[in-house]
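Just so you know, ligand 1 is whichever comes first in the structure, and atom 1 is the first atom listed for that ligand. One-based numbering along the sequence shown.
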Amino acid sequence: MIKLKINGFDVEVPKGTTILEASKSVNVHIPTLCHLDLKGFGIVNQVASCRVCVVEVEGRPTLVPSCAEKVTNGMVVTTDSIRAITGRRMAVELLLSNHPKECLTCPKNLDCELQQLAHDLGVREIKWEGEMMNYVKDTSSFSLVKDPNKCVMCRRCETMCNEVQTVNVLSAVNRGFNTFVGPAFNIDMADSSCTFCGQCVAVCPTAALTEVNNTHKVWMDLNNPKKHVVVQVAPAVRVAIGELFGMEPGTISTGQIAAALRRMGFDGIFDTDFGADLTIMEEASELVHRIQHNGTLPMLTSCCPAWVKFFEHQFPDMLDIPSTCRSPQIMLGAIAKTYYAEKKKLDPKNISVVSIMPCLAKKAEAARTELSKDHNNNVDVVITTREFAQMLKEATIDFSTLGEEDFDSILGESTGASVIFGTTGGVIEAAVRTAYEWITGDELKDVEFTQLRGLEGIREATVKVGDLDLNIGIAHGLGNARKLLEDIRAGKSKYHAIEIMACPGGCIGGGGQPYHHGDMDIIRKRQEAIYQEDRNKTKRKSHENTQILKLYEEYLGKPYGDKAHSLLHTHYTA
Ligand code: HC0
Ligand code: SF4
């Protein structure tokens with residue numbers, strides 16, 4: 001153990017601890033900007049580029065960045081001297097000297113860490129008015145906007161993209177004053193191998209990286225009398241949106257969301273969970289079919305669009321391995337524009353399907369031509385959890401005082417199996433609940449496969465399904481997925497099925513969720529809420545969803561049949 005003094009108090013911490021961590025352990029809060037501790041992945045962004053965390057260390061002539069400096073025995077640290085405070089303020093003033101001063105209209109207004117620091121450090125004037133960068137914004141993609149003029153070179157996005165996701169799209173472009181972070185040669189994001197996972201957006205402290213904002217499109221559709229506008233809500237949204245209205249992480253707001261959507265004027269209020277139950281009918285059928293007919297194994301889940309982009313770009317030789325199932329959001333859109341349209345006697349061209357997703361890649365997924373029918377996209381507009389909260393504020397809907405309401409029939413019923421899609425491990429657990437009963441013909445009494453749960457980056461478990469030992473692999477985060485994929489390529493994989501989600505914790509940690517700054521406690525609370533929501537349901541297996549059974553009986557025929565194939569399955573392109 002190392003003994004030191006911080007602000008006059010004795011502190012004892014393990015060797016290797018930084019001054020920042022040692023201070024935190026005794027509740028001394030040192031402000032930071034570039035620092036990002038991604039505990040769930042064992043990765044720390046520690047470039048010490050912003051100098052916001054400087055402190056005084058006795059005997060040292062200059063201020064020291066506390067995020068990078070390790071403690072030593074007998075060290076005397078002062079975090080709150082006038083010199084340290086002035087040094088920090090100066091670091092922020094320097095960043096502001098060439099930062100656009102458009103806070104009032106900035107997409108990150110009141111959510112910007114630089115703005116918050118300027119406020120907390122009492123910056124009241126910027127003594128240097130520096131030269132400004134004047135780069136064009138990159139609006140090339142359906143998912144994210146890159147504004148290099150707001151980049152503070154913290155490199156948090158780079159760490160996320162390169163070390164956690166191993167996509168390697170982002171690095172420093174140009175030199176000196178003109179440096180910013182972007183794809184090599186500053187090509188458009190749409191032309192890069194970006195997966196649009198949005199994790200760089202999730203950790204950007206300013207508005208250098210933000211989502212494409214589609215809220216105006218939704219208001220336009222809602223105000224167009226010719227449009228029949230239906231909406232669907234993804235599983236993970238319901239355990240996170242409360243955070244944007246002052247509620248605790250993990251507050252379940254399903255009923256309030258349905259009530260809010262009704263007040264906004266949607267014509268049909270549907271649940272992506274219905275799409276998830278439908279996905280299980282198809283995906284469990286595909287898994288059973290592959291197992292029983294010597295098909296390609298392992299089968300990989302395919303409902304995470306960032307993951308789909310990742311394997312298309314990085315593993316083009318393995319496109320026969322993922323399930324051909326479209327994602328729940330696309331399946332629900334497809335059913336809304338066919339079965340629902342027929343029942344309601346509506347022209348599909350006049351139906352607008354809006355999705356509320358925790359994810360930026362869902363915006364790009366909705367625009368994929370493979371997933372459209374007769375040049376009509378199955379999903380028309382995707383907004384994130386954050387954009388949804390923004391719309392509620394614009395509409396002056398007081399979310400926190402709303403009562404609970406239900407989703408609409410006929411695409412609103414769901415089981416507990418679909419809710420758990422929102423967390424890592426949930427899709428495969430839902431699939432196993434159904435596959436078990438289909439393979440064995442026996443009733444599954446205990447539906448909770450706890451061996452598939454948790455937050456470790458890669459997990460594996462063997463589930464007894466009759467005589468079969470079903471070997472399952474699970475990964476969240478694309479860097480972890482890469483490891484499983486490389487094993488398959490090398491012929492070393494022992495799994496029958498693998499679930500992959502691109503974001504930390506699965507969709508609960510998606511790039512469109514309330515900012516969680518890498519705090520795994522928040523992710524854990526959202527995950528607990530997902531499992532609680534499953535326990536709250538009377539039906540917990542997808543094949544028990546009565547509306548789904550009716551859909552097959554009245555319209556689709558049998559699961560994995562021809563009609564289901566044309567509406568609910570897809571193919572991949574390298
Ligand atoms: Fe997900 Fe999904 S679980 S990807 O994370 O499968 O975005 O929440 O909506 O489509 O259901 C996201 C979340 C979904 C889909 C579902 C899947
Ligand atoms: Fe990298 Fe994901 Fe950001 Fe694309 S969206 S640049 S893949 S972190």
Under 2.8 Å from atom 3 (Fe) of ligand 2, which protein N/O/S atoms are there?
C200 SG

Mind telling me whether F399 and F388 have parallel, tilted or perpendicular rings, with 30° and 60° as the class edges?
perpendicular

Aromatic plane relationship, F270 with Y340 - under 30° parallel, 30 to 60° tilted, over 60° perpendicular:
perpendicular

Under a strict 4.0 Å criterion on non-hydrogen atoms, which protein residues are in contact with ligand 1?
A234, P235, A236, T272, A276, C303, S327, P328, Q329, M357, P358, C359, K362, F421, C507

Which pairs would a plain distance check flag for residues 183-191, meaning a side-chain donor or acceptor within less than 3.5 Å of a matching protein atom at least two apart in sequence or in another chain?
none

Residues N174 and Y135: side-chain donor-acceptor under 3.5 angstrom
yes

Pairs meeting criterion salt bridge (Lys or Arg N to Asp or Glu O under 4.0 Å) with involvement of residues 353-363, two or more places apart
K362-E365, K363-E387

Report yes or no: do E282 and H569 form a side-chain donor-acceptor pair below 3.5 Å?
yes

Check: Y572 ring centroid to F311 ring centroid under 6.0 Å
yes

Can E370 and T573 be counted as having a side-chain donor-acceptor contact under 3.5 angstrom?
yes

Do Q329 and T272 pair up side chain to side chain, a donor and an acceptor below 3.5 Å, judged on atom types alone?
no

Pairwise side-chain contact, Y515 with K108, heavy-atom cut-off 4.5 Å (strictly under):
yes

State the atoms of ligand 2, each with its element, that fall below the 4.0 Å cut-off from a heavy-atom position in M189.
6 (S)

